[in-house]
Amino acid sequence: MKPRTRFAPSPTGFVHVGGLRTALYNYLFAKNNGGTFILRIEDTDRSRYVEGAVENLLEALEWAGLIPDEGPVQGGDYGPYYQSERTDIYLNYARQLVENGHAYYAFDTPEDLEAMRQHLRSKQNPNPKYDASVRGEMKNSLTMTDVQVKNELEKGTPRVIRLKVPEDRTFEFDDIIRGTVARASSEIDDQVLVKSDGYPTYHLANVVDDHLMQITHVIRGEEWLSSVPKHLLLYESLGWQPPVMAHLPLIFNPDGSKMSKRDIQSLDDLPQGKVDPDVASYIKKGYEKQAIINCIALLGWNPGEGDERQVFSLNDLVAEFSLQRVNKAAAIFDLQKLDWLNAEHIKARPTVELLPDVRTILQQAGIQVNSDDYLLRVIDLLKIRMHFMADFADKGAYFFRDPVEYDPDVLKKRWKDDSVKLLLEFCKEIVKLSPFTASAIESALRELAECEQVGGGRIIHPVRLAVSGTGVGPGLFEMLEVLGADTVVRRIKTACEKIPALKQ
RNA sequence: GUCCCCUUCGUCUAGUGGUCAGGACUCGGGAUUUUCGAUCCCGCAACAGGGGUUCGACUCCCCUAGGGGACGCCA
């Protein structure tokens, strides 16, 4: 059977890095097995609903290339894909559970619950549960007569439906990532399944939906691990077969704390030991989507023995992914590795593909680009040493306009008393070149150096400074070829006039 | 507090009884006499601790410590 996986976020705000990884793993597992990747919106908490959160989510998935096969946008045979539109379905199953004795109505008010907890709270038991030990003293359909219950229901008294967790049972299951996990039923509370507002809780809704949507593998964060027994009991009570479970390790800040949006003002000025959990921040900063995907994929997964690749495209990941190779331990999100991967992915992108993006970036920086052909050659020269796409503007501006200033440190170090003379000689030589190619330029320069009894660097460095204004960049001769003879000569002459004055 | 999960270089990790414990990022050094945050090479750096099991443990078991998660009419 082809697997069906789902990413089931709740739209309570921004898209978390950990959430994106959960989506990624669900996607990768489904695609690796020729299965179906489903998006389901878990919006059953009306009080936490955030305007625009669903749109954010959809955008982020789209950006990352994790397109669902079924979901709110695509539709599908198992919709609706918003849980808020499925309340009657959940209610039906909840009633069924009550009828079969697996669940019961409870009329306890929040005050009643607080009183109960207050009463039971102790050092040994700081968080009393609503469970088999207390449900006999509470206001519910187990302690009330049928008539009373019927009365309250008819009156519309606020009530919830709770799961009746049996005593003295142990729930055991196999998690693909963690192996066998067991938990005693005495540790589980009588979970609310339907809230007094008529909406289901996550626990009921996810079980019902996963079954109805024929989800085969539940891949989600570790925070759900301890509620699996409840879900298992639900599957059993409903007479359903539970899906395979896989609980992913968490992702943390460099200092080991939980990633929190509250810690962050800006990505460029992160608090010590913290990292931004909001995927949108990374998109905004201009990270390559492949780099983000690559990075978070490696946070908890690796291709295994003998395969020491670090750089993966989404397709590579689809081909290699397996849940068996997902790590158990939590990982720390390392921005340095992300930055390195970002540079790798820029290098890996074909120059033609880079073209429109670079053009946009240059335009945003106020740099006029006249010829795509020219831009293509510039990108070819630069992309190997760019860490961010924005670097094309910062470090490539001189390809489009003459330098207005010269790096003082480079000037001090590289500009000698004979530089003017040598550069003007150099100009005389290169104007004769036809065609104006890197190799021809190099020969001319080497010849001149020999003739003048100086090392090549004596000319190379001042030329670079004169032409680009900086001390770093691509190989000089390739750079000059792309710039063209006219530009090179013009810039050298300008520099020969301006720099001596700067040097003093 | 209870229950559950986790623990190899600073970080991400390989490793499933016998390895000089491997790779990657970061950092340091060297090379490239054309720079560089590019490239290549080299280097620093780890099995949390204690018991077992075994001829032999990073690998299996137990305990301790540390970290994390859950304990809501939130997901």
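The figures that follow rest on heavy atoms only: side chains count, while hydrogens, waters and symmetry mates do not. Throughout, protein chains are lettered first and strands after them, A, B, ... in sequence-line order, and every chain is numbered starting at 1. Since the model is a prediction, treat every value here as computed from it, not as a measurement.
Atom-to-atom, CE of M138(A) to C1' of rC73(B) comes out at 13 Å; the value is rounded to the nearest Å. Summarising the geometry, the separation between CZ on R121(A) and C1' on rC71(B) is reported as 12 Å, rounded to the nearest angstrom. Distance, L335(A) CG to rA24(B) P: 21 Å, rounded to whole Å. For the pair Q336(A) CD and rC25(B) C1', the computed distance is 7 Å after rounding to whole Å. Distance R162(A) CZ to rC71(B) C1': 13 Å, rounded to the nearest Å. Rounded to whole Å, atom C1' of rA24(B) lies 11 Å from atom CZ of F312(A). Summarising the geometry, the separation between CZ on R325(A) and P on rG23(B) is reported as 17 Å, rounded to the nearest angstrom. We find that CZ of F333(A) is positioned 13 Å from P of rU13(B), with the value rounded to whole Å.
Nearest nucleotide to the side chain of W340(A), out of rG72(B), rC25(B), rA75(B): rC25(B). Nearest nucleotide to the R117(A) side chain, out of rA70(B), rC12(B), rC73(B): rC73(B). In this structure, the nucleotide among rC73(B), rC12(B), rC71(B) sitting nearest to the side chain of N127(A) is rC71(B). Among the nucleotides rA24(B), rA70(B), rC5(B), the one closest to any side-chain atom of Q310(A) is rA24(B).
With a 6.0 Å cutoff to the six-membered ring centre and a 45° limit on the axis angle, R162(A) counts as a cation-pi contact of Y130(A).
Across all strands, F252(A) comes closer than 4.0 Å only to sugar-phosphate atoms, never to a base (heavy-atom distances). Heavy atoms of P229(A) sit nowhere under 4.0 angstrom from any nucleic acid atom. I459(A) comes within 4.0 angstrom of nothing in the nucleic acid, heavy atoms only. Counting non-hydrogen atoms under 4.0 angstrom, G221(A) reaches nothing in the nucleic acid. As judged by a 4.0 angstrom heavy-atom cut-off over every strand, A182(A) is placed among residues touching the sugar-phosphate backbone only. Within the nucleic acid shown, V192(A) comes within 4.0 Å of sugar-phosphate atoms alone, with no base atom in reach, counting heavy atoms only. Counting non-hydrogen atoms under 4.0 angstrom, T44(A) reaches the backbone sugars and phosphates but no base. Counting non-hydrogen atoms under 4.0 angstrom, D45(A) reaches the backbone sugars and phosphates but no base. Counting any heavy atom pair closer than 4.0 Å across all strands shown, R159(A) reaches no nucleic acid atom.
Nucleotide rU11(B) forms a pair with rA24(B), judged by Watson-Crick or G-U wobble geometry with both contacts under 3.5 Å. Base-pair partner of rU53(B): not found among the strands shown (Watson-Crick or G-U wobble, both distances under 3.5 Å). Pairing for rA38(B) is absent, with no Watson-Crick or G-U wobble pair whose two atom distances lie under 3.5 Å. Taking a pair to require two hydrogen-bonding distances under 3.5 Å in either a Watson-Crick or a G-U wobble arrangement, rC71(B) pairs with rG1(B).
Scanning atom types as modelled, one donor and one acceptor separated by under 3.5 angstrom connect the side chain of S196(A) and the base of rC73(B). A donor and an acceptor atom sit less than 3.5 Å apart, one in the side chain of R48(A) and one in the base of rC74(B).
Under 4.0 Å is where a charged nitrogen must lie from a carboxylate oxygen, and between E450(A) and R446(A) no such pair does. Between R349(A) and E288(A), at least one side-chain nitrogen of the basic residue sits less than 4.0 Å from a carboxylate oxygen of the acidic one, meeting the salt-bridge criterion. A salt bridge between E222(A) and K328(A) is absent, with no side-chain N of the basic residue lying under 4.0 Å from a carboxylate O of the acidic one. Taking the charged nitrogens against the carboxylate oxygens, R325(A) and E320(A) have no contact shorter than 4.0 Å, which rules out a salt bridge. A salt bridge links D418(A) to R458(A): at least one charged side-chain nitrogen sits closer than 4.0 Å to a carboxylate oxygen. In summary, D278(A) and K261(A) engage in a salt bridge, as defined by a charged side-chain N under 4.0 Å from a carboxylate O. Using a cut-off of 4.0 Å between Lys/Arg side-chain N and Asp/Glu carboxylate O, R169(A) and E167(A) are scored as not salt-bridged.
Considering only side-chain N and O atoms, K129(A) lies nowhere under 4.0 angstrom from the phosphate OP1 or OP2 of rA70(B). Contact annotation: N302(A) reaches the phosphate of rA14(B) (side-chain N/O to OP1 or OP2, under 4.0 Å).
For Y202(A) and W224(A), the ring centers are positioned less than 6.0 Å apart. Taking the six-membered ring for Trp and the full ring otherwise, the centers of F252(A) and F333(A) sit at least 6.0 Å from each other.
Between rA70(B) and rC63(B), the distance separating the two C1' atoms is 24 Å to the nearest Å. A distance of about 12 Å separates the C1' atoms of rU26(B) and rC44(B), rounded to the whole Å. Straight-line distance between the C1' atoms of rA48(B) and rG68(B): roughly 16 Å, to the nearest whole Å. Separating the P atom of rU8(B) from that of rC47(B) is a span of 11 Å, rounded to the nearest Å.
Sequence order on RNA chain B of the closest nucleotides to N327(A) and F107(A) puts N327(A) first from the 5' end. Comparing P254(A) and Q124(A) along RNA chain B, the residue whose closest nucleotide (by nearest heavy atom) sits nearer the 5' end is Q124(A).
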How would nucleotides 32-41 of chain B be written as a contact map, 5' to 3', with B for base contact, S for sugar-phosphate-only contact and - for no contact, using protein heavy atoms under 4.0 Å?
--BBBBSS--

At a cut-off of 3.5 Å, list every protein nitrogen or oxygen paired with a nitrogen or oxygen from nucleotides 62-66 of chain B, distance to 0.1 Å.
none

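Side chain to side chain, R178(A) and H247(A) fail the donor-acceptor criterion of an N or O pair below 3.5 Å.
Using cut-offs of 30° and 60° on the angle between ring planes, the pair H203(A) and H231(A) is tilted.
Across every non-hydrogen atom of Y282(A) and D276(A), the tightest pair is OH-O, 2.5 Å.
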